[in-house]
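Numbering of residues begins at 1 and proceeds along the displayed sequence. Every number for a ligand or one of its atoms is a count from 1 in the order of the listing.
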Amino acid sequence: MGQNILLVGPPGAGKGTQAKILAEQLKIPQLSTGDILRANKAAGKLTPELTKAMDNGGLVPDEVVIDLIVDRMQQPDALNGALFDGFPRTVVQAEALKAMLGKRGKRIDVAIAIEVDPALLIERTVLRRTDKRTGQIYHLKYNPPPPDAELVHRADDTEVAVKKRLDAYARDTSAVIPFYEKEGVLKRVDGVGDVGEVTKRIFAALGV
Ligand code: AP5
């Protein structure tokens, strides 16, 4: 039976990098609200207000992301467990997810909080590049892309926007951690070190 796992952590903590590895190895889909929003934006389906909120480093309203995740959770591949990446980001979203899973007789099995020294996060995000063909995440210093990659620099990966995203994390998202602590499913993982080393720590926290 697939588990329902979530990754929470500040911008640049490595959620997307780890989510791709874990989803593949655990054979559950990665449900990333950031990726869904960016795909909607690229397809011209996001309103100018939502695009501006994202690009400036603010959060998108709860009701918008909750609708997106409800839709995604109804797709067949997500009926038997999923890896939530970047959702929930507020306690309202965490309550909504609890209710959605509860209707299926399920719950979040493990919430992994990836912890990284805030001093590293600006460099991690500003120097991130993604290959638009494969979705692979690179870093110009720590994980350089191959020469043939078609690199995209995210609109919200500027120093100004990242500082706003860090503020939004401190103000709204960090409260998700005590929420899952109370639920008895929180595991904290040190996110500093090689990507493979962090993956090992997450698997140890999952008990796999
Ligand atoms: P989202 O896409 O979720 O962004 P985020 O949470 O800010 O996280 P990031 O993607 O920046 O970082 P990450 O932790 O995934 O790090 P990564 O693995 O890429 O959301 C974007 C926006 O969408 C939000 O600001 C908001 O507007 C909106 N949104 C999304 N979900 C929402 C929600 N639920 N509610 C409301 N609004 C929502 O790694 C970062 C870099 O570090 C990469 O270059 C990587 O190569 C490198 N790296 C990774 N691991 C390591 C390591 N161990 N050592 C060295 N470098 C590493």
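- The backbone N or O of Gly12 lies less than 3.5 Å from a partner atom in the side chain of Arg124, making a donor-acceptor pair.
- If you check each of Ile137, Thr33, Asn143 against atom 45 (C) of ligand 1, the one with the closest non-hydrogen atom is Ile137.
- By the 4.0 Å heavy-atom criterion, Arg38 is counted among the residues contacting ligand 1.
- His153 contributes a side-chain N or O that, together with a main-chain N or O of Val126, makes up a donor-acceptor pair within less than 3.5 Å.
- Residue Phe87 places no N or O, backbone or side chain, under 3.5 Å from any N or O of ligand 1.
- With salt bridges taken as basic N to acidic carboxylate O contacts below 4.0 Å, one links Asp35 and Arg38.
- Remark: side-chain polar atoms of Asp194 are not paired, donor with acceptor, to backbone N or O of Gly196 under 3.5 angstrom.
- In terms of protein heavy-atom proximity, atom 18 (O) of ligand 1 is closest to Thr17 OG1, 2.6 Å.
- The number of heavy-atom neighbours closer than 6.0 Å to CD of Gln75, taken from other residues, nucleotides and ligands shown, is above 12.
- For Gly86, a nitrogen or oxygen atom sits less than 3.5 Å from a nitrogen or oxygen atom of ligand 1, counting backbone and side chain alike.
- The shortest N or O to N or O distance between Arg154 and ligand 1 is below 3.5 Å.
- Separation of atoms CG (Leu26) and CZ (Phe203) is listed at 4.5 Å; rounding is to 0.5 Å.
- Polar contact check, Arg165 against ligand 1: a nitrogen or oxygen pair lies under 3.5 Å apart.
- Side chains of Thr90 and Asp62: a donor on one and an acceptor on the other come within 3.5 Å.
- None of Gln30, Gln18, Lys20, Lys15 except one satisfies the side chain to side chain donor-acceptor pair (under 3.5 Å) rule with Asp85; the exception is Gln30.
- Using 4.0 Å as the threshold, Glu197 has no heavy atom nearer than that to any atom of ligand 1.
- For ligand 1, none of its N or O atoms has an N or O atom of Pro88 under 3.5 Å away.
- Here Arg165 pairs with Asp156 in a salt bridge; the nearest charged N to carboxylate O distance falls below 4.0 Å.
- In this structure, Arg188 pairs ionically with Glu181, as a charged nitrogen and a carboxylate oxygen lie closer than 4.0 Å.
- Within the 4.0 Å heavy-atom criterion, both parts of Val60, backbone and side chain, lie near ligand 1.
- Atom 41 (C) of ligand 1 has its nearest heavy-atom neighbour, among Lys15, Arg124, Arg129, Lys141, in Arg124.
- Residues Ile137 and Thr17 form a side-chain contact, since some pair of their non-hydrogen atoms from C-beta on lies under 4.5 Å apart.
- For atom 29 (N) of ligand 1, the nearest non-hydrogen atom of the protein is Leu37 CD1, 3.5 Å.
- Side-chain heavy atoms closer than 4.5 Å link hydrophobic residues (I, L, V, M, F, W, Y) into clusters, and following such links, possibly through other members, connects Val70 to Ile36.
- At under 3.5 Å, a nitrogen or oxygen of Gly14, whether backbone or side chain, sits near a nitrogen or oxygen of ligand 1.
- Under a 4.0 angstrom heavy-atom cut-off, Gly57 registers as lying outside contact with ligand 1.
- At distances below 3.5 Å, not a single donor-acceptor pair connects side-chain atoms of Thr130 with backbone N or O atoms of Lys132.
- Contact between Gly9 and ligand 1 is absent, with no heavy atom of the residue lying under 4.0 Å from the ligand.
- Formation of a donor-acceptor pair under 3.5 Å by the Arg201 side chain with backbone atoms of Asp190 is found in this model.
- Here Asp156 has side-chain heavy atoms under 4.0 Å from ligand 1, and that is the only part of it that gets that close.
- For a threshold of 3.5 Å applied to N or O pairs, the pair formed by Gly12 and ligand 1 contains at least one separation below that value.
- Contacts of Arg128 with ligand 1, taken as heavy-atom pairs under 4.0 Å, involve both backbone and side chain.
- Partner of Asp55 under the salt bridge (Lys or Arg N to Asp or Glu O under 4.0 Å) criterion, chosen from Lys164, Arg154, Lys41: Lys41.
- The nearest heavy-atom contact from the protein to atom 23 (O) of ligand 1 is Met54 CE, 3.5 Å.
- Counting heavy atoms only, Gly58 comes closest to atom 27 (O) of ligand 1 of the residues Ala53, Gly34, Gly58.
- Nearest protein heavy-atom contact of atom 15 (O) of ligand 1 is Gly16 N, 2.8 Å.
- One option in Gly196, Gly193, Pro11 has a heavy atom closer to atom 53 (N) of ligand 1 than any other, and that option is Gly193.
- Residue contacts with ligand 1, taken as heavy atom pairs separated by less than 4.0 Å, involve Tyr138 solely via the backbone atoms N, CA, C and O.
- Residue Gln18 does not touch ligand 1, judged by heavy-atom distances below 4.0 Å.
- For Ala13, a nitrogen or oxygen atom sits less than 3.5 Å from a nitrogen or oxygen atom of ligand 1, counting backbone and side chain alike.
- Considering backbone and side-chain atoms alike, Arg89 places an N or O below 3.5 Å from some N or O of ligand 1.
- In this structure, Leu97 CG and Ile69 CD1 are separated by 7.5 Å, a value rounded to the nearest 0.5 Å.
- Remark: minimum distance from atom 35 (N) of ligand 1 to any protein heavy atom is reached at Gln93 NE2, 3.0 Å.
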